[in-house]
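Because the structure is predicted, anything quoted here is derived from the model rather than measured.
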Amino acid sequence: MPARRIALAALAVLILLLGGGIGAGVWKGDWQPAPKLALDLEGGTQIILQAQSRDGSAIDATAMEQARQIMSQRVNAMGVAETEITVQGGTNIIIDVPGQLDQATSEAVRQTASMSFRPVLGVVAPEGNGEPMPSDGGGDASDGGGAASDAGGETSTAPADPSQHLFDGLLSEDSALAPPPAPAAGDLPYPAWSMDWLTPELQTELMSADCVDPAAQQERAAAAEPDEPVVACDPNGTAKYLLGPEVVAGSAIENSGVASDVTPTGQATGYYVVNMSFNESAATGFSEMTKALYGGEGATAAFGIVLDGLVISAPEVQEPSPGGEASISGNFSQEEASQLSDQLRFGALPLEFEVASEQQISATLGADQLQMGLIAGLIGLALVVLYAFAQYRLLSIVTTSSLLIMGLLTYGTLTVLSNIPDIGYRLSLAGVVGLIVAIAFTADSFIVYFERVRDEIREGRGIVAAVDHGWDRAKRTILASDTVNLIAAVVLYLLSTGGVRGFAFVLGLTTVLDLLVVFLFTHPMLQALARTRFFGKGHPWSGLDPARLDRDVPAYAGRGRVRLAGARTGRGRGTPEDEVREPIAVRRARLEREAAEQAALPGSGQNAHDEPGLATPDPVDRPVAGDDDTEEQSR
């Protein structure tokens, strides 16, 4: 199969996948068949959050800016959902969310997101019975802590997080199993992982807490002091944790990311891991905790990651982390690993916030501005089509089709990106400007290509050969131009926010789509048209007529004849005086008479059917068999 057919087939498959995906999403899901609109075109919800410091100290501008950035990443991770988050008055953060405020976004902007890392002292079933923890030998609970007997508290057999880890460290009243009291760094009387934190009051709270409904215990756990143990639930209500004091605050996380999980031999397992690192001040504390838990100094070998009073993960320590870096593994899918990574990276806000007000706001620009922007785009598109027709005649079919394919791909891609929750793209007025600019990119690409082809025809190549040679020259220019545009879009996206970032996103997206259109449609389509009689023979309305392109080299006319450029009258060259019009009957009689006279000459070898006045070309000028250019002219 020719390469041009493969390219066109690949483009058709891509369009079908986009259309089929959108159709399936609309039919079976809650997708919308069009890109969602941003705040400036649709309106939305405005939430004002008032900041409060956890220790009552003054709120500085640096903390507010950090809170704004973290909140922006949480609500608008890719920066294209057009959610506007600004600091106002020094202590207020204003959040403008396009469209209707969904539950997930509402929870994301309202939660205080206090995160901490605490050692797991024990884990029991989520049900609360309102009774103190039973003992296993009649000993007093104050002797060293309660225990979950076989008849009483049972260990949780449900996963505490997507890693499917099971934690079965039980509380015990045997004081010999508990590490001796020892002062630790800071003001803690015992290490955070010591069983000495277990008091009768804590035992009672552990057994009475109901984690079947995690929200019932969440507020109490979130309000616990960092230097005190706490009872917390997992988000699914399947386990109840007894956690020691905070060892590392969530704000100490420097970075987190997702990577493929591999075996010791380097083979991929098909699962993913979450890598995290702490800043220099917290790396020592985290390292000491992992070393102690790995060495069996704690009640269990696990630590809990607590976000807003819920244990989002409780991984078991497989080896110490001396450098403040760690990986959390355990049969994560990519989606599960990404979710946990985002929680670690954006979960800890340096301040607490209260919702001061929430109200609906109207569009700042509205549908009228969107309509005007679309009209401007249509006018620009119409002007490009008219110019293409005036310059390239019916070859403008390729340019118009390329623009339509470009528009279809852009529409489908933006619709898909709008309906993917992790991206949540919304089209703003700045994005509309980016779409209008994209028309110029596509027009520039085919103009470069067509002019290269026409230059090849002027130099004497056949039309089919000119298309292939012109493409070899044009694609380098197109790639260089689009690469510059793509670099500009990436830099602008990384250095900007808000509407400017939306413009940069559309600019980069349309640049990539322009390359797809040129390589998968424009070039293959021109190759196919060049092999038709209308375009391949250079019809005056084809846009590839050698006469209209001022071709000044001899052209092979067939049957051993060479036609000079000046002799191609009636095709835009020569004058009316040079043109000889002769009826067919007169011409036939003249040719027969000349043939008879020629035959009467002794030793004559001239073909009786050759027209007089056209000399037989020199053998040097005859076409060489297999040459692409001459072969094309002979068709």
Side-chain angles (χ1 to χ4, degrees), residues 2-4 7 384-403 439-485 514-515 517-557 562-574 621 623-624 626-635:
R4 64 179 182 275
V384 170
V385 172
L386 289 176
Y387 169 79
F389 180 77
Q391 182 72 14
Y392 301 111
R393 299 298 191 273
L394 292 185
L395 194 61
S396 61
I397 295 174
V398 179
T399 66
T400 305
S401 302
S402 298
L403 290 172
I439 298 175
F441 294 158
T442 306
D444 178 70
S445 296
F446 67 66
I447 287 175
V448 169
Y449 182 22
F450 291 169
E451 289 303 323
R452 288 287 187 268
V453 172
R454 288 155 72 107
D455 286 343
E456 294 292 333
I457 295 176
R458 291 186 183 99
E459 292 174 3
R461 293 189 184 274
I463 293 179
V464 173
V467 169
D468 294 333
H469 287 81
W471 171 247
D472 291 336
R473 297 172 57 188
K475 67 181 179 182
R476 292 191 292 267
T477 304
I478 295 172
L479 286 172
S481 175
D482 283 346
T483 300
V484 172
N485 291 334
D514 174 60
L515 289 175
V517 171
V518 172
F519 278 81
L520 298 183
F521 181 78
T522 306
H523 173 53
M525 182 58 66
L526 188 56
Q527 281 185 313
L529 292 178
R531 285 163 172 78
T532 63
R533 182 176 182 84
F534 182 83
F535 288 92
K537 291 296 184 179
H539 190 277
W541 282 94
S542 67
L544 299 175
D545 179 20
R548 292 184 179 276
L549 297 178
D550 297 328
R551 179 170 175 171
D552 55 358
V553 295
Y556 180 60
V562 173
R563 181 172 55 196
L564 299 177
R568 301 182 66 193
T569 58
R571 298 286 300 276
R573 300 293 300 266
D621 296 331
V624 179
D627 183 76
D628 290 343
D629 302 336
T630 55
E631 179 185 354
E632 176 58 27
Q633 292 290 342
S634 66
R635 292 180 178 177

Quiz item: Ser396 side chain to Tyr392 main-chain N or O, any donor-acceptor pair under 3.5 Å?
Solution: no

Practice problem: Can you see which heavy atom on Phe521 is nearest to which on Val398, and at what distance? | Solution: CE2-O, 4.1 Å

Quiz item: Below 4.5 Å, heavy atoms only, C-beta onward: do Glu456 and Arg473 meet side chain to side chain?
Solution: yes

Self-check item: Nearest non-hydrogen partners of Ala530 and Ile463, listed with the distance
Solution: CB-CG2, 4.2 Å

Practice problem: Please examine the side chains of Gln391 and Glu451, heavy atoms only from C-beta on, and report whether any two atoms are closer than 4.5 Å. | Solution: yes

Self-check item: Point-to-point distance, once rounded to the nearest 0.5 Å, from OG of Ser445 to CG of Leu479
Solution: 9.5 Å

Quiz item: Which heavy-atom pair separates Arg393 from Gly543 by the least distance, and what is that distance?
Solution: CB-N, 3.8 Å

Quiz item: Is there a side-chain contact between Val384 and Thr399, using heavy atoms and a 4.5 Å cut-off?
Solution: no

Quiz item: Within a strict 4.5 Å, meaning less than it, do heavy atoms of the Tyr449 and Val518 side chains meet?
Solution: no

Quiz item: Are the side chains of Asp468 and Gln527 in touch, meaning some heavy atoms are under 4.5 Å apart?
Solution: yes

Quiz item: How many angstroms lie between atom CG of Asp482 and atom OG1 of Thr477, to the nearest 0.5 angstrom?
Solution: 11.0 Å

Practice problem: To the nearest 0.5 angstrom, please state how far the CG atom of Leu529 sits from the CD1 atom of Ile397. | Solution: 7.0 Å

Exercise. Find the distance between CG (Leu395) and CE (Met525) and round it off to the nearest 0.5 Å.
Key: 11.5 Å

Practice problem: Measure the CG-CG distance between Asp514 and Asp444 for me, rounded to the nearest 0.5 Å. | Solution: 8.0 Å

Exercise. Write down the atom of Ala528, the atom of Arg4, and the distance for their closest heavy-atom approach.
Key: N-CD, 4.0 Å

Quiz item: Can you check whether Leu526 reaches Phe535 side chain to side chain, under 4.5 Å on heavy atoms?
Solution: no

Quiz prompt | Phe389 and Val385, any side-chain heavy atoms less than 4.5 Å apart | solution = no

Quiz item: Taking all atoms of both residues into account, what is the closest heavy-atom pair of Ile447 and Tyr387, and its distance?
Solution: CD1-CE2, 4.0 Å

Quiz item: Parallel under 30°, tilted from 30 to 60°, perpendicular over 60°: which one fits the rings of Trp471 and Phe519?
Solution: perpendicular

Practice problem: Grab the two heavy atoms, one from Ser402 and one from Val517, that are nearest each other, plus how far apart they are. | Solution: O-CG1, 3.7 Å

Quiz item: What's the spacing between His469 NE2 and Arg452 CZ if we round to 0.5 Å?
Solution: 14.5 Å

